[in-house]
Amino acid sequence: MELLKVHGSGNDFYMLDAQKMDKQLSESELRQLAINICDRDNGLIDGADGLLFVDKADHEGPLGRMRVINADGSEASMCGNGLRSVARYLAEENRQQSFSVQTMEADLPVAKMPDLAEGVATYQAHIAPVSFKAEDLKMHVNDGADTLVDQAIAELDTNLKFTAVAVPNPHLIAFVDQDTLESDELGELGRYLNNGNNPVFPDGVNVSFVRIIGQNNIFVRTFERGVGYTNACGTAMSASSLVSVLLHSDEVANNAEITVQNPGGIVKTRVHHQIAGGEDYIDLIGNATFVRTVNLSLEDALNGDFSHAVKEETDEQKSYEDFVAGLQLQQ
Ligand SMILES: N[C@@H](CCC[C@H](N)C(=O)O)C(=O)O
């Protein structure tokens, strides 16, 4: 079995192509594989934030299908950073540069973009569908409110105001100052809202703190459902860009290129908020770095034995690190 280690802005995954396997995985095997491989202490090399499972699409149109399994074995409906790496993988396997990828709720357009820097392969992913409805978020706040936009949550012990949006995985977003951004208040919220038995988000939620740095320039830090703190979360950065346009349009503009800084580097977004009606969507542009290939037996991986894994590093991680080091990032 060959796995490909990839990342988008430091949000890292192992990618597995079902069509290159000699047996079909059961659902329980897929989840156990994700849990074993992603473990940061005992997993495959340095572990990962999740497993990207690539397969052929089950209908005409898309070039392939992406499923994303979090490090805890839960499956999510979408993965923005992962979709860019899947797009690159399918582009190179099929010699195409613009196509769609089947995801849980939609076939999403993806495209190769000009490299952000030498050796930094760059792709764009279309992030949609977008919903602010409590039922789509599986959210129960403020006595059954239908939406949550720039409001306090009565059920939480915090003075912060939040906006909840599904893209389509669920995100809870608050604008904060630098001190709060650097505190563990994000972790406290994230751990509680993903503890599996809270009344607010019983299925969990990705929680992000956002600081507006300047004109069309934001910083996003995320505690992810099913993972914990990550270097970046593509859907969270996309959702945060949309909410920034809605609530801070004087600083973050619709239909403009937004720089989104994160602990793992940067991405670019472009929000398409359909003022005259129509579906909102966000373009997410950023690196799709291939770090290494790893060969190991499926049996070993399912047993959590990685002692016989054979790895081959690329030189792309150095290119990405040089790119980030060269950025004039504002904190
Ligand atoms: N990091 C991903 C999101 C992965 C799924 C998320 N943790 C969830 O459970 O919704 C991204 O880049 O969007």
Side-chain angles (χ1 to χ4, degrees), residues 5-15 30-31 34-35 37-38 40 47-54 66-88 101 103-106 108 110 123-131 136-139 164-173 186-187 189-191 193-196 201-208 210 220-243 260-269 281-289:
K5 182 66 179 301
V6 304
H7 77 76
S9 205
N11 184 204
D12 62 343
F13 306 90
Y14 274 102
M15 189 188 301
L30 180 61
R31 280 166 175 64
I35 292 167
I37 286 171
C38 295
R40 292 292 186 189
D49 292 329
L51 176 67
L52 301 170
F53 191 56
V54 179
M66 175 188 78
R67 293 177 64 185
V68 52
I69 314 297
N70 287 315
D72 72 347
S74 62
E75 182 167 6
S77 55
M78 184 50 192
C79 176
N81 285 323
L83 182 55
R84 301 199 307 275
S85 287
V86 169
R88 177 183 172 190
V101 177
T103 66
M104 189 182 286
E105 293 195 21
L108 297 177
V110 295
Y123 279 74
Q124 175 175 288
H126 178 111
I127 306 296
V130 172
S131 171
D136 293 331
L137 287 147
K138 297 185 175 64
M139 171 179 72
V165 58
V167 291
N169 58 340
H171 291 273
L172 186 67
I173 293 159
L186 175 62
L189 277 169
R191 287 184 288 272
L193 293 173
N194 291 288
N195 66 8
F201 285 95
D203 285 7
V205 64
N206 301 284
V207 189
S208 293
V210 183
V220 180
R221 187 183 181 206
T222 303
F223 185 101
E224 283 197 44
R225 176 178 65 171
V227 193
Y229 281 120
T230 58
N231 281 319
C233 177
T235 47
M237 294 187 285
S238 301
S240 298
S241 298
L242 171 61
V243 175
V260 184
Q261 300 182 39
N262 53 74
I266 68 155
V267 299
K268 303 284 187 179
T269 58
Y281 69 92
I282 307 102
D283 293 328
L284 173 67
I285 303 109
N287 70 302
T289 296

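Both counts, for ligands and for their atoms, begin at 1 and track the order of listing.
- Under the 3.5 Å distance criterion, with hydrogens and angles disregarded, no donor-acceptor pair is assigned to the side chains of S208 and H171.
- Side chain to side chain, N11 and D49 meet the donor-acceptor criterion of an N or O pair below 3.5 Å.
- Every pair tested for salt bridge (Lys or Arg N to Asp or Glu O under 4.0 Å) that includes a residue from residues 76-85 fails, sequence neighbours excluded, so the list is empty.
- Protein residues having at least one heavy atom under 4.0 Å from any atom of ligand 1 are N11, N70, A76, M78, C79, G80, N81, N169, N206, E224, R225, C233, G234, T235, listed by chain and number.
- Between the side chains of S77 and N169, no donor-acceptor pair is found at a separation under 3.5 Å.
- Judged as a salt bridge (Lys or Arg N to Asp or Glu O under 4.0 Å), and not counting sequence neighbours, the contacts of R88 are E92, E316.
- Remark: N262 pairs with S9 by the side chain to side chain donor-acceptor pair (under 3.5 Å) rule, at least two apart or across chains.
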